[in-house]
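Everything numeric in this text was worked out from a predicted model, so none of it was measured.
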Amino acid sequence: MQTNRAPKPALHHAKPLPVDRLIRPFQEFAKFSSAGGIVLLFTAIAAFVIANSPLAAAYHGLFYEHEIALTIGGWRFVLPNLELFINDAMMAIFFLLVGMEIKREMLVGELAGFRKASLPVAAAAGGMIAPALIYVSINWNSGAVHGWGVPVATDIAFALGVLMLLGKRIPTPLKVFLTSLAIADDLGALLVIAIFYTHDLNVEALRTAGLLVALLVAINWLGVRKTLPYLIIGLPLWYFIFQSGVHATIAGVLLAMTIPARERVDPDAFIESNRNSMDMFEQATRQEASVRKNPDLLAAARTIELNCEHIEPPLYRLEHKLAGLVAFFIIPVFALANAGVHVGSLDEFSSPITLGVMLGLVFGKPIGVMAASFLAVKLRLADLPRGVTWKHLHGAAWLAGIGFTMSLFIANLAFAGSVEFLDEAKLGILSASGIASAIGLTVLLISYRKPAQTELADATAHETGHAVETDDEDSHAEYAA
């Protein structure tokens, strides 16, 4: 049997894919984040209840009294307890995902270009400065002023999870704005961690880590598209960052910045190659439907597989694979290990650290976000997103006060030497996140009003008998095309 030559895969650089298709991973991540935020909420509640129950001793023993060791030949690596393994090793995967989100948003998302990025970046900056000032003013003479970084962060998963509870009452651009704000906030929190919570640098380890980053950049430049080589190099990168004195999770961010984010396929060539492959596959099945007996079937299928693999940039592919793992396993496990705060008495709520964190998140965040956003719009540096009002932004600003994951993470760094201070900070984070969620939901519910355009469209649809699609999923159906 004569074998036809399989079409060449579409591997040529050409005009870029439409931006709408490139931001599809954002939509998928938002779905993961919102659902993961609900899981995170219940996990945090479970940890808090366990820590204040007769199971508290068992809880403490599980996370704080068993070391984690890895031995290879004469080399031995030891972490003192499971909590440190979760915070330093598992959370590096979380920061890898955060780094990829930041990179994607800066390339094609809401942080791409000055005009688009100005509003969420200004809001994030204001939402970091105001809480830090409030915390410092309360703790100036308390000996815990270095914990100012705790209330500056926004938890993207938790905030989105709360926002998604309102469903269609919230315009989609507001969800995009809050996500962009949280991602810009994450970038600021990463800088805070790297600059202000790094001590006793090991220059040799840092130099080795730098060489590994250079190697990652080199393989990106050479066109390596598989994610596995990047992840393999990422393991020793994590180890040397850990040994350097910089927090090990920064390795995840550095790794993310080197993973390719551009496609290799010309869309027209992709369509033509796949169409030819499908024609070849259909023709071959008429002769022999067995892949084992007809190599043309396998060749055509392989070409389609290669095209689909190359059209999705490695960064998007890896981000998609990690989103579920992070949202439904790593972050809940982190919450389980870190949200278990024992409350002895109500007096603990009056400590300067607890008050500083609570007031910083609950009041500092919305004040800073709203003030900076108002200033950016009045100076004509930015515009409100289409369909978003100041009332909507006001509600989102309260939700920005949900610090949780990042705040807990920074608290572990800021108060590593004091269990008492750490527990007070955690108590402030948990309380503030609950209060900010309740106020944000209330403000958004009060501000909800069916837009006049939608009412007119509904009336027209009723008269003509045609349905008007308003669901967020339907409004983005083009991304699935």
Check: S407 side chain, P151 main-chain N or O, donor-acceptor pair, under 3.5 Å: no
Y59 side chain vs N52 backbone, donor-acceptor pair below 3.5 Å: no
Trace of the side chain to side chain contact (heavy atoms under 4.5 Å, CB included) decision for V98 with V253: CA-CA 7 Å; V98 168; V253 180; 5.6 Å; no
Validation row: V357, Y135 side chains within 4.5 angstrom (heavy atoms): yes
Heavy-atom closest pair, residues S244 and V246: OG-N, 3.2 Å
Side chain to side chain contact (heavy atoms under 4.5 Å, CB included) between V192 and M128, intermediate numbers included: CA-CA 10 Å; V192 168; M128 295 181 74; 4.2 Å; yes
Side-chain (T154) to main-chain (A400) donor-acceptor, under 3.5 angstrom: yes
Close side-chain approach of I330 and L325, heavy atoms under 4.5 Å: yes
Any D423 side-chain heavy atom under 4.5 Å of H342 side chain: no
Closest contact, heavy atoms only, L361 versus P366: O-CD, 3.7 Å
M406 to A153 - nearest heavy-atom pair and separation: CB-CB, 3.3 Å
Polar side-chain atom of T354 near backbone of E424 as donor-acceptor pair, under 3.5 Å: yes
Sidechain-backbone polar pair: D155 side chain, I402 backbone, donor-acceptor under 3.5 Å: no
Over all atoms of both residues, closest heavy-atom pair of V377 and L384: CG2-N, 4.4 Å
Spacing of CG belonging to L40 relative to CD1 belonging to I331, to within rounding of 0.5 Å: 7.0 Å
I50 side, atom CD1; I45 side, atom CD1 - distance, nearest 0.5 Å: 12.0 Å
Atom pair CD1 (I68) and CZ (F85), whose distance is rounded to the nearest 0.5 Å: 6.5 Å
Where A335 and A47 come nearest, the two heavy atoms and their spacing: O-CB, 3.8 Å
Parallel, tilted or perpendicular: ring planes of H394 versus W398, cut at 30 and 60 degrees: tilted
Sub-4.5 Å side-chain heavy-atom contact between F404 and L430: yes
Y239, OH atom: more than 12 neighbouring heavy atoms under 6.0 Å: yes
Where G403 and S433 come nearest, the two heavy atoms and their spacing: N-OG, 3.5 Å
Under the side chain to side chain donor-acceptor pair (under 3.5 Å) test, residues paired with W148 that sit two or more places apart: none
Any donor-acceptor N/O pair, S118 side chain to L381 backbone, under 3.5 Å: yes
Any V343 side-chain heavy atom under 4.5 Å of F48 side chain: yes
Atom pair CD1 (I250) and OH (Y197), whose distance is rounded to the nearest 0.5 Å: 13.0 Å
W140, CH2 atom: more than 12 neighbouring heavy atoms under 6.0 Å: no
Sub-6.0 Å ring centroid separation between F77 and F242: yes
Main-chain N/O of P314 paired with Y230 side-chain donor or acceptor, under 3.5 Å: no
Flag if over 12 foreign heavy atoms under 6.0 Å of CZ, F42: no
Donor-acceptor contact present, side-chain K103 to main-chain I259, <3.5 Å: yes
Residue pair H247, F409: steps toward the ring-ring contact (aromatic ring centres under 6.0 Å, His included) verdict: CA-CA 11 Å; H247 199 271; F409 191 85; 4.8 Å; yes
Steps toward side chain to side chain contact (heavy atoms under 4.5 Å, CB included) verdict (V150, I353): CA-CA 10 Å; V150 176; I353 295 176; over 6 Å; no
Minimum side-chain heavy-atom gap L119-F177 below 4.5 Å: yes
CG on L322 to CG on L231, rounded to 0.5 Å: 7.5 Å
Verdict with reasoning, E101 to T179, per side chain to side chain contact (heavy atoms under 4.5 Å, CB included): CA-CA 10 Å; E101 293 162 23; T179 304; over 6 Å; no
Backbone of L181 reached by a side-chain donor or acceptor of D185 within 3.5 Å: no
Heavy-atom side-chain contact between I86 and L336 under 4.5 Å: no
Spacing of F334 atom CZ and M90 atom CE [to the nearest 0.5 Å]: 10.5 Å
L190 side chain reached by I102 side chain, heavy atoms, under 4.5 Å: yes
Electrostatic pair R207:E204 at N-O distance under 4.0 angstrom: yes
Residues forming a side chain to side chain contact (heavy atoms under 4.5 Å, CB included) with S137, sequence neighbours excluded: none
Backbone of G360 reached by a side-chain donor or acceptor of K365 within 3.5 Å: no
